[in-house]
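Everything below concerns the one structure shown next.
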Amino acid sequence: MQDTRIIMDEAAIRRALTRIAHEIAEKNKGIEGCVLVGIRTRGIYLARRVAERIRDIEGQAIAVGELDITRYRDDRPQEADTARQAGELPFPIQDKRVILFDDVLYTGRTIRAALDALMDCGRPQSIQLAVLVDRGHRELPIRPDYVGKNVPTSRQEKIEVRLAEIDRTDGVILSHPHGSEA
């Protein structure tokens, strides 16, 4: 049995994504030359939501693409003779500032796989990282540029991001085994 606690509700997620949109526009002095790329699956929806907010803030649209990193992961067996395919990027990333989105940053291995996939798509000017939740426990030297919420966790705890586009509700849930300390 697990104890669960909601650490971000729909309103908190909305505020965090609005703040991230403002921070992206500020750090990049607008959005010229920027593209948003979401890591499949929930990162895509986060990137799309931030793109909507950026459109409202800056008065212009920003391109959004999705990245499938399945074949780049180091924790899954590689299929022999299968070419790596990064996903659907409907735009070139050559010389662009790519803002990469994921839902939860944990060990950094997903982001490392995403960086490999992006580099197979072209050579961006820079890559910035946006995450809804940073839970710590990095195994690789990866640090996000934009964070919705920092949530220190134990390795036994789990973070579950729920988004309306997939889960019919928005929320971030922290769960830990019954009887352990939060």
Side-chain angles (χ1 to χ4, degrees), residues 13 16-17 20-21 23-55 58 60-150 158-163 165-167 172:
I13 291 173
L17 295 179
I20 288 171
E23 289 174 359
I24 288 170
E26 183 177 333
K27 180 175 181 166
N28 293 287
K29 297 176 177 63
I31 59 166
E32 188 68 35
C34 293
V35 296
L36 307 183
V37 175
I39 298 173
R40 199 174 280 165
T41 296
R42 284 172 178 77
I44 297 163
Y45 299 110
L46 296 172
R48 289 177 184 163
R49 290 183 188 191
V50 169
E52 290 174 14
R53 286 161 178 82
I54 287 174
R55 186 184 62 235
E58 293 292 308
Q60 58 183 328
I62 187 168
V64 180
E66 63 184 68
L67 197 61
D68 180 359
I69 63 161
T70 305
R71 297 176 191 225
Y72 292 84
R73 296 183 58 102
D74 64 4
D75 61 347
R76 304 223 171 113
Q78 295 293 317
E79 296 178 21
D81 303 321
T82 304
R84 289 180 167 183
Q85 180 179 350
E88 303 167 18
L89 293 180
F91 45 76
I93 63 168
Q94 189 72 27
D95 299 322
K96 299 284 186 188
R97 284 173 290 179
V98 174
I99 297 95
L100 183 64
F101 281 82
D102 201 9
D103 56 351
V104 179
L105 178 57
Y106 182 34
T107 63
R109 293 185 180 278
T110 297
I111 302 308
R112 190 229 26 104
L115 293 172
D116 288 347
L118 276 175
M119 297 310 284
D120 280 355
C121 293
R123 188 178 189 282
Q125 176 185 330
S126 65
I127 300 172
Q128 300 166 25
L129 177 59
V131 297
L132 183 60
V133 176
D134 182 353
R135 64 171 289 189
H137 302 287
R138 221 71 81 237
E139 294 174 2
L140 299 172
I142 291 174
R143 181 180 53 94
D145 298 280
Y146 313 101
V147 178
K149 185 173 183 76
N150 286 294
K158 297 200 181 319
I159 297 278
E160 179 186 353
V161 173
R162 295 180 183 165
L163 298 177
E165 295 89 341
I166 302 167
D167 308 301
V172 178

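All of these numbers come straight from a predicted model, not from anything done at the bench.
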For Q128 and D145, work out which heavy atoms get closest and say how close. CA-OD2, 3.2 Å

Would you say the side chain of Y146 lies within less than 4.5 Å of the side chain of V50, judging by non-hydrogen atoms? no

Tightest non-hydrogen contact, residues P90 and G65, listed as CD-CA, 3.9 Å

Using a cut-off of 6.0 Å, state whether more than 12 heavy atoms not belonging to Q94 lie near its atom CD. yes

Please report the C-alpha distance between R138 and D134 in whole Å, then the side-chain angles of each, then the deciding distance to 0.1 Å, and finally whether the side-chain contact (heavy atoms from CB on, under 4.5 Å) criterion is met. CA-CA 10 Å; R138 221 71 81 237; D134 182 353; 2.9 Å; yes

Stepwise, does the side-chain contact (heavy atoms from CB on, under 4.5 Å) test hold for L17 with R53? CA-CA 8 Å; L17 295 179; R53 286 161 178 82; 4.1 Å; yes

Heavy-atom distance under 4.5 Å between the side chains of R42 and L132, does that happen here? no

Run the salt-bridge test on E160 and R162 with the 4.0 Å N-O cut-off and return the result as yes or no. yes

Listed once per pair and sorted, the ring pair (Phe, Tyr, Trp, His ring centres under 6.0 Å) pairs that draw on residues 89-113, sequence neighbours left out: Y106-H137

Atom CD1 in I54, atom CD1 in I24: separation rounded to 0.5 Å? 4.5 Å

Looking at residues at least two apart in the chain, or sitting in another chain, which of them share a ring pair (Phe, Tyr, Trp, His ring centres under 6.0 Å) with Y45? none

Is any side-chain heavy atom of I44 less than 4.5 Å from a side-chain heavy atom of V64? no

Interatomic distance, CD1@I69 vs CZ@R112, rounded to 0.5 Å, equals 8.5 Å

Closest non-hydrogen atoms of I62 and C34, given as atom of the first, atom of the second and distance, are CG1-O, 3.5 Å

Atom CZ in R135, atom CG in L105: separation rounded to 0.5 Å? 10.0 Å

Heavy-atom closest pair, residues D102 and L46: O-CD1, 3.7 Å

Distance in Å, I93 CD1 paired with R123 CZ, rounded so as to fall on 0.5 Å steps: 11.0 Å

Enclosure of E139 CD (heavy-atom neighbours >12, cutoff 6.0 Å): yes

I142 and G108: which non-hydrogen atoms are nearest, and at how many Å? CD1-O, 3.2 Å

Should the pair E165-R48 be classified as a salt bridge under the 4.0 Å nitrogen-to-oxygen rule? no

What are the two closest heavy atoms between A130 and I99, and how far apart are they? CB-CG2, 4.1 Å

Could you tell me the separation between the CD1 atom of I31 and the CD atom of E58, rounded to the nearest 0.5 Å? 5.5 Å

Side-chain heavy atoms of V172 within contact of K149, under 4.5 Å: no

Let me confirm one number: the CD-CZ distance from Q60 to R55, rounded to the nearest 0.5 Å. 11.5 Å

So, do I127 and M119 sit near enough that their side-chain heavy atoms are less than 4.5 Å apart? yes

